[in-house]
K.L.:
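Here it is, the structure in full.
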Amino acid sequence: MKTGKALLIAACVTLIAGIGQASAQSAGRSAKGGDRVCAEDAKKFCSKVRPGGGRVYQCMTGHENELAPACRERLTAAKARYDEFANACKSDAEKYCKGIRAGAGRILSCLKGRESDLTAECKAQFGRTQRDATVTR
């Protein structure tokens, strides 16, 4: 799997982990809070999808036209943040994580382990992505 695709899946897994957690927390309730913005949609459209490898994210984007507007906006914002991250960190991932098998956050772990060696742009984006609720929820 190419590094760019691996980064996309890792970022999406982070996004969906927040959605899945919110879904579990809000079982049977309407999605009101910011951390639950996609919970009902995830439950409605993707409850039978096994989490991992970006499968829930792919399911959600496959139902994009059916999602609540707030959820659609959240997924769009998360994708935009991912694009910024991937552009900033692609060369670092290729340089420091070559040979690392993609999946299960291994590329992100690799980058985290080399944080002191990353370019300033990647380091800034990496830190921002970890703190950004748009990506993690």
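Only a predicted model underlies this, so the values are computations on that prediction, with no experimental measurement involved.
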K.L.:
Are any side-chain N or O atoms of Asp41 and backbone N or O atoms of Met60, one a donor and one an acceptor, separated by less than 3.5 Å?
P.N.:
no
K.L.:
Can Phe85 and Leu108 be said to form a side chain to side chain contact (heavy atoms under 4.5 Å, CB included), step by step?
P.N.:
CA-CA 11 Å; Phe85 173 79; Leu108 289 178; 3.5 Å; yes
K.L.:
Tell me whether Ser47 contacts the main-chain N or O of Lys44 through its side chain, where contact means a donor paired with an acceptor under 3.5 Å.
P.N.:
no
K.L.:
Between CG of Leu111 and OG of Ser109, what distance do you get to the nearest 0.5 Å?
P.N.:
9.0 Å
K.L.:
Name all residues meeting the salt bridge (Lys or Arg N to Asp or Glu O under 4.0 Å) criterion together with Arg55; count only those two or more places apart in sequence or in a different chain, and write none if there are none.
P.N.:
none
K.L.:
Roughly how far, to the nearest 0.5 Å, is the CG atom of Asn65 from the CZ atom of Arg72?
P.N.:
7.0 Å
K.L.:
List the atom of Ala88, the atom of Cys122, and the distance in Å for their closest heavy-atom pair.
P.N.:
O-CB, 3.4 Å
K.L.:
Checking Tyr96 side chain against Asp117 main chain: does a donor-acceptor pair fall under 3.5 Å?
P.N.:
yes
K.L.:
What distance separates Thr76 OG1 from Lys79 NZ, expressed to the nearest 0.5 Å?
P.N.:
10.0 Å
K.L.:
Which value, rounded to the nearest 0.5 Å, describes the distance between Cys38 atom SG and Leu67 atom CG?
P.N.:
6.5 Å
K.L.:
Does Glu115 form a salt bridge (Lys or Arg N to Asp or Glu O under 4.0 Å) with Lys112? I'd like the steps, not just the answer.
P.N.:
CA-CA 5 Å; Glu115 200 166 358; Lys112 180 68 176 165; 2.8 Å; yes
K.L.:
Can you tell whether the side chains of Arg81 and Glu84 come within less than 4.0 Å, N to carboxylate O?
P.N.:
yes
K.L.:
Output a table of donor-acceptor pairs, distance under 3.5 Å, between side-chain atoms of residues 97-106 and any protein atom two or more places apart or on a different chain; print 'none' if there are none.
P.N.:
unit_1: Arg106; atom_1: NE; unit_2: Arg101; atom_2: O; d: 2.8
unit_1: Arg106; atom_1: NE; unit_2: Gly103; atom_2: O; d: 3.3
unit_1: Arg106; atom_1: NH2; unit_2: Ala102; atom_2: O; d: 3.1

K.L.:
Working to the nearest 0.5 angstrom, can you tell me the gap between Gln125 CD and Asp83 CG?
P.N.:
10.5 Å
K.L.:
If you look at every heavy atom in Ala93 and Ile107, which pair is closest and at what distance?
P.N.:
CB-CG2, 4.2 Å
K.L.:
What distance do Cys46 atom SG and Tyr57 atom OH have between them, rounded to the nearest 0.5 Å?
P.N.:
12.0 Å
